[in-house]
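We count ligands from 1, going down the list as the structure has it; atoms in each ligand are counted the same way.
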Amino acid sequence: MNLCLKSAKILISDSADKFAMLAAETIVKRLDRAPGSLHLISLSGGSTPFPVYRLLPELLTKAGLKQSCYWIQTDERLVSVDHERSNQKAIRESLFADGRLPESHFFPVPTAEQPQEAHLVSEAYLSQLQKLPVELRPPAPIDMVILGVGNDGHTASLFPETEWQKDDKRGFMLVKPKSQPEARISLTSQRIIAAQDLVFLVSGSAKQQIIESIFLDPANACPTAVIARQRPTTWIFDNSAISEHLRKSL
Ligand code: 6PG
């Protein structure tokens, strides 16, 4: 069966604990080869990426890249910054935990705890990002967007049940997915598609079904599939996320 994602580079680790190192090494190699002296990386949340983020400081330091990387969020739940569901809390506790990387290079979403302020967050984030080095400021393309995939095929906070293809000139938009306990801010699909590099990190057998469908079913119209069909992508899997059926097509 043909793969629906023509320009997908696929890397598969043979175990869960090797997955984090494979992903971190791949990310650093890509950044090391990227043009430009500064790099803007957009970080997803959820759960998969944090063991990968924990390995980045040492690898980036060895590569001489620790001062040249700047970090933003792919999406964020609108909860307080110390809430257990806060992505920026988990990013601080992984990517910046050992103090090697300058936390001043991290530009987290200015979350609003009051629901009535939610519509102001995209604008507030955009003005925060004007403090990035000029060559990294929007609308410059993001150098690398790190993404996960939900079991429903969402990526970032672009959920199937939302108007996820809506554009927003700010590059971010407020989303209120019915399947989620809180509103979120997410990069728009257009801003994701315009990035230099898209790296999907997927682990765990629970993802087999959605990944098989994204790669083999041309009728799958979930956000991840629609985005990934439009441009080159890199996928880093642990082997439990790949079904036997899909493996035969790779
Ligand atoms: C979020 C994430 C989200 C995540 C997927 C996969 O804020 O929830 O950005 O898009 O990447 O839900 O989550 P896991 O990594 O937990 O499988």
Side-chain angles (χ1 to χ4, degrees), residues 13 16-17 19-20 22-24 27 41-56 71-95 106-112 118 121-122 125 142 144-162 164-165 171-189 191-193 195 198-214 222-228 233-242:
S13 78
D17 52 3
F19 163 79
L22 174 64
I27 288 167
I41 303 103
S42 186
L43 300 165
S44 266
S47 59
T48 303
F50 303 116
V52 180
Y53 297 165
R54 265 186 216 99
L55 297 175
L56 288 178
W71 314 85
I72 62 173
Q73 288 190 264
T74 299
D75 60 337
E76 180 59 291
R77 297 89 178 266
L78 294 192
V79 295
S80 64
V81 295
D82 56 358
H83 191 284
E84 61 175 8
R85 284 181 56 78
S86 165
N87 283 336
Q88 60 191 266
K89 177 176 182 292
I91 290 168
R92 287 200 170 92
E93 292 168 354
S94 51
L95 188 64
F106 178 40
F107 289 73
V109 171
T111 61
V121 177
S122 290
Y125 199 21
I142 300 167
M144 178 185 286
V145 178
I146 296 173
L147 293 164
V149 180
N151 293 341
D152 59 358
H154 79 261
T155 192
S157 283
L158 304 174
F159 286 79
E161 74 267 24
T162 65
W164 65 270
Q165 289 176 295
F172 286 92
M173 64 180 182
L174 174 66
V175 288
K176 297 178 179 174
K178 293 189 188 65
S179 60
Q180 300 302 311
E182 68 280 301
R184 294 164 169 233
I185 287 294
S186 178
L187 277 178
T188 59
S189 59
R191 192 93 174 102
I192 291 170
I193 289 165
L198 287 194
V199 179
F200 287 91
L201 306 180
V202 185
S203 70
S205 55
K207 300 291 170 76
Q208 280 192 13
Q209 190 180 352
I210 189 63
I211 291 301
E212 182 181 298
S213 174
I214 288 167
C222 73
T224 302
V226 171
I227 288 170
T233 50
T234 297
W235 295 76
I236 304 167
F237 294 108
D238 82 359
N239 59 1
S240 69
I242 305 288

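Each of the following atoms of ligand 1 lies closer than 4.0 Å to a heavy atom of G148: 11 (O). Atom numbering of ligand 1 starts at 1 in the shown order; those under 4.0 Å from a heavy atom of N87 are 1 (C), 7 (O). Heavy-atom contacts of V149 reach the following atoms of ligand 1: 6 (C) (cutoff under 4.0 Å). Listed by number with element, the atoms of ligand 1 under 4.0 Å from a non-hydrogen atom of H154 are 3 (C), 5 (C), 10 (O), 12 (O).
The main-chain N or O of V199 is never found under 3.5 Å from a side-chain atom of T234 such that the two would form a donor-acceptor pair. At distances below 3.5 Å, at least one donor-acceptor pair connects side-chain atoms of S44 with backbone N or O atoms of I146. Between the T224 side chain and the G153 main chain, a donor and an acceptor come within less than 3.5 Å of each other.
Of the listed residues (S44, P177, G45, P223), the one carrying the non-hydrogen atom nearest atom 4 (C) of ligand 1 is G45. For atom 3 (C) of ligand 1, the nearest non-hydrogen atom from the set G204, A156, S157, S186 comes from A156.
Remark: ligand 1 and T48 share an N or O pair separated by less than 3.5 Å (distance only, no angle test).
The salt bridge (Lys or Arg N to Asp or Glu O under 4.0 Å) test applied to R184 returns D75, E182, not counting sequence neighbours. With sequence neighbours left out, F200 forms a ring-ring contact (aromatic ring centres under 6.0 Å, His included) with W235.
The protein non-hydrogen atom at the shortest distance from atom 8 (O) of ligand 1 is R77 NH2, 2.8 Å. The nearest heavy-atom contact from the protein to atom 16 (O) of ligand 1 is S47 OG, 2.6 Å. In terms of protein heavy-atom proximity, atom 13 (O) of ligand 1 is nearest to G46 CA, 4.0 Å. Among all protein heavy atoms, the one lying closest to atom 17 (O) of ligand 1 is K207 NZ, 2.4 Å.
With H154 as reference, D152 is the one residue of D152, L158, N151 to meet the side chain to side chain contact (heavy atoms under 4.5 Å, CB included) rule.
Taking all atoms of both residues into account, the shortest heavy-atom contact from R77 to R85 is NH1-O, 2.8 Å.
Of the heavy atoms in E76, none comes closer than 4.0 Å to ligand 1.
Between the side chains of S179 and E161, at least one donor-acceptor pair of N or O atoms lies under 3.5 Å. For E212 and Q209, the side-chain atoms include no donor-acceptor pair closer than 3.5 Å.
Ligand 1 is approached by D75 to a heavy-atom distance shorter than 4.0 Å.
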